[in-house]
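By convention here, the first residue in the shown sequence is residue 1.
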Amino acid sequence: MQISPQNVATLIVIISVIFLIAPIFLVSYVNLYNQRKKKHQEEKEQLKRDFDLEMLRVQMEVKEETLKTLGAELHDNIGQILSLTTITLTSINLEDAVSATRKLTSATELTRRAIREIRDLSQLLNGENLLKRGLVAAIELELDWLSRLERYTLTFNKKAFNPISTQNDKDVIVFRLFQELISNIIRHAHATEISILLESTNTTLQLIVKDNGVGFTKDKPHKTGMGLYTIEKRAGMIQGTVQFDSAPGQGTSVKIQVPYP
């Protein structure tokens, strides 16, 4: 079968158009790919900056919470011990040897007690290094200070958890969430019992904080201090999830789960 010159010309035109369009399409595709790749890289860098900024904020909040505890302890405990020591010393009558001896002994014991308290405070100030020893050690110290209020029955269950394992940024954020949950209980819950469960598997860390306080409804997040959104956001920074279980008059349970291989 013979091909007509008109068909040949049409075929040449089609082939020419294809050869012209193909490079344009290829260049456009490459440009689009590069633009998307650049945008993706910019988004990754922005997420990294956001994460670093949030981590800095979390670390500052941990330090602020520590300084608050330190200030309260200096005022309420050590200040009172030193005041009592001063009163005891100024009331000594050297002409009454028996009474003077008794008061000197009492002042000596008060001074030793103040020294012990200051040593404990130095541990609190060294909270950053404490987290390097593990999440368990940091939580235990926090609960030790809470127990001094003598307002709560505290239970801390460490279930299958390696006390010296660390995940750096994850530990800092989990510890900060724990601090804020405890702070919320103190400020809002009117609770008498607090229980903490720290549990780990091969892949997951789970922190559960429960209280027997007044509870709240999830449609009123402002009553939880930091706010449910911020707690969920910060857990999400480390691929974690948060589950709130609460109702008015029935206490609150907060479960935080974080990938923790």
### Modelled atom types, side-chain donor and acceptor of Ser195 and Thr155, under 3.5 Å
no
### Task
Could you tell me the separation between the CD atom of Gln35 and the CG atom of Asn31, rounded to the nearest 0.5 Å?
6.0 Å
### Listed partners of Thr204 passing side chain to side chain donor-acceptor pair (under 3.5 Å), at least two apart
none
### Task
May I have the step-by-step check of side chain to side chain contact (heavy atoms under 4.5 Å, CB included) for Phe178 and Ile196, ending in yes or no?
CA-CA 9 Å; Phe178 167 78; Ile196 298 97; 3.8 Å; yes
### Message
Within the 3.5 Å criterion, strictly below it, is a donor on Asp171 or Tyr260 matched to an acceptor on the partner's side chain?
### Response
yes
### Task
Under the salt bridge (Lys or Arg N to Asp or Glu O under 4.0 Å) rule, collect the residues that match up with Glu193, sequence neighbours excluded.
none
### Message
Would you compute the distance between atom CG of Leu197 and atom NZ of Lys159 and round it to the nearest 0.5 angstrom?
### Response
6.5 Å
### Message
Among residues at least two apart in sequence or on other chains, which ones pass salt bridge (Lys or Arg N to Asp or Glu O under 4.0 Å) with Lys255?
### Response
none
### Query
Shared ILVMFWY cluster between Val214 and Ile185, side chains joined below 4.5 angstrom?
no
### Query
Within a radius of less than 6.0 Å around CG of Asn34, do more than 12 heavy atoms belonging to other residues, nucleotides or ligands occur?
yes
### Query
How long is the gap from CD1 on Ile115 to CG on Leu110, to the nearest 0.5 Å?
11.5 Å
### Message
Please report the interatomic distance CG(Asp211) to CD(Gln250), rounded to the nearest 0.5 Å.
### Response
12.0 Å
### Task
Start with the C-alpha gap between Ile256 and Gln206, add the side-chain angles, then the distance that decides, and say whether side chain to side chain contact (heavy atoms under 4.5 Å, CB included) holds.
CA-CA 6 Å; Ile256 298 171; Gln206 179 172 264; over 6 Å; no
### Leu146 side, atom CG; Phe156 side, atom CZ - distance, nearest 0.5 Å
12.5 Å
### Task
Please check if Ile182 and Leu154 belong to a single hydrophobic cluster, counting links between Ile, Leu, Val, Met, Phe, Trp and Tyr side chain heavy atoms closer than 4.5 Å.
yes
### Query
So, Lys103 and Ser91: side-chain donor and acceptor under 3.5 Å apart, yes or no?
yes
### Message
Nearest 0.5 Å, please: how far is CG in Leu177 from CG in Leu181?
### Response
6.5 Å
### Query
Taking all atoms of both residues into account, what is the closest heavy-atom pair of Ser246 and Phe216, and its distance?
OG-N, 2.9 Å
#### Entry: Basic-acidic side-chain contact under 4.0 Å: Lys158, Glu140
yes
### Task
Examine the side chains of Ser183 and Arg187 and answer whether a donor and an acceptor come within less than 3.5 Å of each other.
yes
### Message
If we count only N and O atoms by modelled type, under 3.5 Å, do the side chains of Asp245 and Thr252 hold a donor and an acceptor together?
### Response
no
### Task
Assess Lys233 against Tyr229: is NZ or CZ under 6.0 Å from the centre of the six-membered ring, and within 45 degrees of the ring's axis?
no
### Message
On a heavy-atom basis, which atom in Lys170 and which in Ile238 lie closest, and how many Å separate them?
### Response
CG-CG2, 3.7 Å
### Query
Same cluster for Ile186 and Leu207 if Ile/Leu/Val/Met/Phe/Trp/Tyr side chains link at under 4.5 Å?
yes
### Task
Applying side-chain hydrogen bond (donor to acceptor under 3.5 Å, both in side chains), run through Asn212 and Thr192 and close with a yes or a no.
CA-CA 7 Å; Asn212 66 341; Thr192 58; 2.8 Å; yes
#### Entry: Heavy-atom side-chain proximity of Leu198 to Val136 below 4.5 angstrom
yes
### Task
Report the C-alpha distance between Val258 and Thr241 in whole Å, list the side-chain angles of each, state the deciding distance to 0.1 Å, and finish with yes or no for side chain to side chain contact (heavy atoms under 4.5 Å, CB included).
CA-CA 7 Å; Val258 176; Thr241 60; over 6 Å; no
#### Entry: Derivation and outcome, side chain to side chain contact (heavy atoms under 4.5 Å, CB included), residues Thr111 and Leu82
CA-CA 7 Å; Thr111 303; Leu82 293 177; over 6 Å; no
### Message
I'd like to know if Leu143 and Val209 are part of one continuous hydrophobic network [Ile/Leu/Val/Met/Phe/Trp/Tyr, side-chain heavy atoms within less than 4.5 Å].
### Response
yes
### Query
When clusters are formed by joining ILVMFWY residues with side-chain heavy atoms under 4.5 Å apart, either directly or through shared neighbours, do Met237 and Val174 land in the same one?
yes
### Message
I need the minimum non-hydrogen distance between Ile139 and Phe175, along with the two atoms involved.
### Response
N-CE1, 4.0 Å
